[in-house]
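Some notes on the structure that comes next.
Note that the structure is predicted; figures quoted are calculated from it, not measured. All values below were derived from every heavy atom in this structure, side-chain atoms included, with hydrogens, water molecules and symmetry-related copies excluded. Reminder, nothing fancy here: chain letters follow the sequence lines and each chain counts from 1.
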2 protein chains.
Amino acid sequence: MSTRDTGTEQLIKDTAKHLFFAEGKLHATTQEIADAAGVNRTLVNYYFRSRDILFDQVFTEAQEGFVCTLDEVFESKMPFKEKIRNLISVFIKETAQYPFRQLFIITEMNRNVDIHGKKSRHKKVKLFMEEVEDEMNKGTLKKMDPRQFMLNLFSLMAHPFLTAPLHKVLFGMNDEEYATLMEDRKQLIYETIFP
Amino acid sequence: MSTRDTGTEQLIKDTAKHLFFAEGKLHATTQEIADAAGVNRTLVNYYFRSRDILFDQVFTEAQEGFVCTLDEVFESKMPFKEKIRNLISVFIKETAQYPFRQLFIITEMNRNVDIHGKKSRHKKVKLFMEEVEDEMNKGTLKKMDPRQFMLNLFSLMAHPFLTAPLHKVLFGMNDEEYATLMEDRKQLIYETIFP
DNA sequence: CTTTTGTTTAACAAATTTGTCAAACTAAAA
DNA sequence: TTTTAGTTTGACAAATTTGTTAAACAAAAG
């Protein structure tokens, strides 16, 4: 079937992505998605057949997009420290845009590990962890289980975004102030990682 | 209305708590909750009138319980370093039992910040942050925005539990191995915080 | 033993959400 | 302009989830 491309299909997908990942409405109904997109609800079925298919499509594209972005950083041939600085920058930028994306991916993985865990990234992870170990031997990094290093790094980057609403209240900050705090974190994380 | 206490009400609440916080099934239906508890679905309505009320009750109790546990640690009059060691221990123990609790609290807060953000904990947070600043002045802690210190601390403790399914796959670990990794983190976080 | 009262159950009703279909619409092709 | 084919819409049907009710049941009180 050829297409006239009114942009509606993409609009629905983008709107769903925004609801899911930017607003955290992981269980938005087709009606809510359609309303947010300003289109008739039936169009969700017309373009995606079912809510589940739309769901899976948005999820898969988001996951793959995110993973690709990170892979580029990991596979780049820059010096380790620069790579990490780059990773922090990219990761925080992406996460600021879609704070709930990782949470969504995790929730989804948890719901069905079998499906999403299959084509695992063992090799790439292992490769990076070897790089980490090299740096530890060189003395650039504090010696520890490289898996702990990975956990530290990603925790420091990701978690403040997941808990943003909580911390805005606790610290009495508005959105803008919190964004500044997150911007400042780039340098801070770098310094925490490389003492 | 007096009660004969067959333990059913508590059973339903406990089961819901387990589904929500231990298994991450944040949107379990009344049927799923009843099945998991091994009781008739109608009993959910009998004891709690509606799903929402059960939901709110479990949520509130869980939140308050967790906050109380943390408050005890924060308000204890031990030396700072010991307090932190204690916090790490308690926090990780609680989180290991109910990995999804915080995520649940955050999601819920995000859905309705007005309700849950009201009776804020400004004072207690401020008090602890002053304590943190003292330690920075004494040189025990690396100098930084105390809010960043808080973010670091809680990120390092909480996030590896939220992302457990993901990391088990990435690292190729089973539940037991991951639990050991989490146990080892206690000391590691302590060392990361106090370099 | 009978009554009382709280508990449990199944059947039913209501509400919500999702999916289907035919008709109306619109822009490009003939 | 008419035709064609993709798009949009509203009405309807199906599926899922939730809430209610009356009757069955069980344990304590009389």
At under 4.0 Å, does any side-chain N or O of A:Thr6 touch on OP1 or OP2 of D:dT8?
yes

May I ask you to say whether A:Glu135 pairs ionically with A:Lys81, meaning some side-chain N is under 4.0 Å from a carboxylate O?
no

How close or far is atom P of D:dA15 from atom CD of B:Gln31, stated in whole angstroms?
18 Å

Short side-chain N/O contact to D:dT8 OP1/OP2 from A:Tyr47, under 4.0 Å
yes

Distance check needed: C:dA10 P versus B:Leu43 CG, whole Å only.
10 Å

More 5' along DNA chain C: A:Thr42 or A:Ala28, using each one's nearest nucleotide?
A:Ala28

In this structure, how many angstroms lie between the P atom of C:dA10 and the CG atom of B:Asn40, rounded?
6 Å

Could you tell me how far apart B:Ile33 (CD1) and D:dT17 (P) are, to the nearest whole angstrom?
12 Å

Give a yes or no on whether a salt bridge exists between B:Lys83 and B:Glu131, defined as a side-chain N under 4.0 angstrom from a carboxylate O.
yes

Which label fits B:Phe128 and B:Phe80: parallel for a plane angle under 30°, tilted from 30 to 60°, or perpendicular past 60°?
parallel

Integer-rounded Å distance: D:dT18 P and B:His27 NE2:
11 Å

Can you check whether A:Phe91 and A:Phe154 have ring centres sitting under 6.0 Å from each other?
yes

Looking at every strand, decide which applies to A:Asp5 at a 4.0 Å heavy-atom threshold: base, sugar-phosphate, or nothing.
sugar-phosphate

Is the phosphate of D:dG19 approached by B:Thr30 (side-chain N or O, under 4.0 Å from OP1 or OP2)?
no

Could you tell me how far apart A:Arg41 (CZ) and C:dT16 (P) are, to the nearest whole angstrom?
14 Å

Rounded to whole Å, please give me the gap between OH in A:Tyr46 and C1' in C:dC25.
12 Å

B:Glu32 CD to D:dT18 P, straight-line distance once rounded to whole Å
9 Å

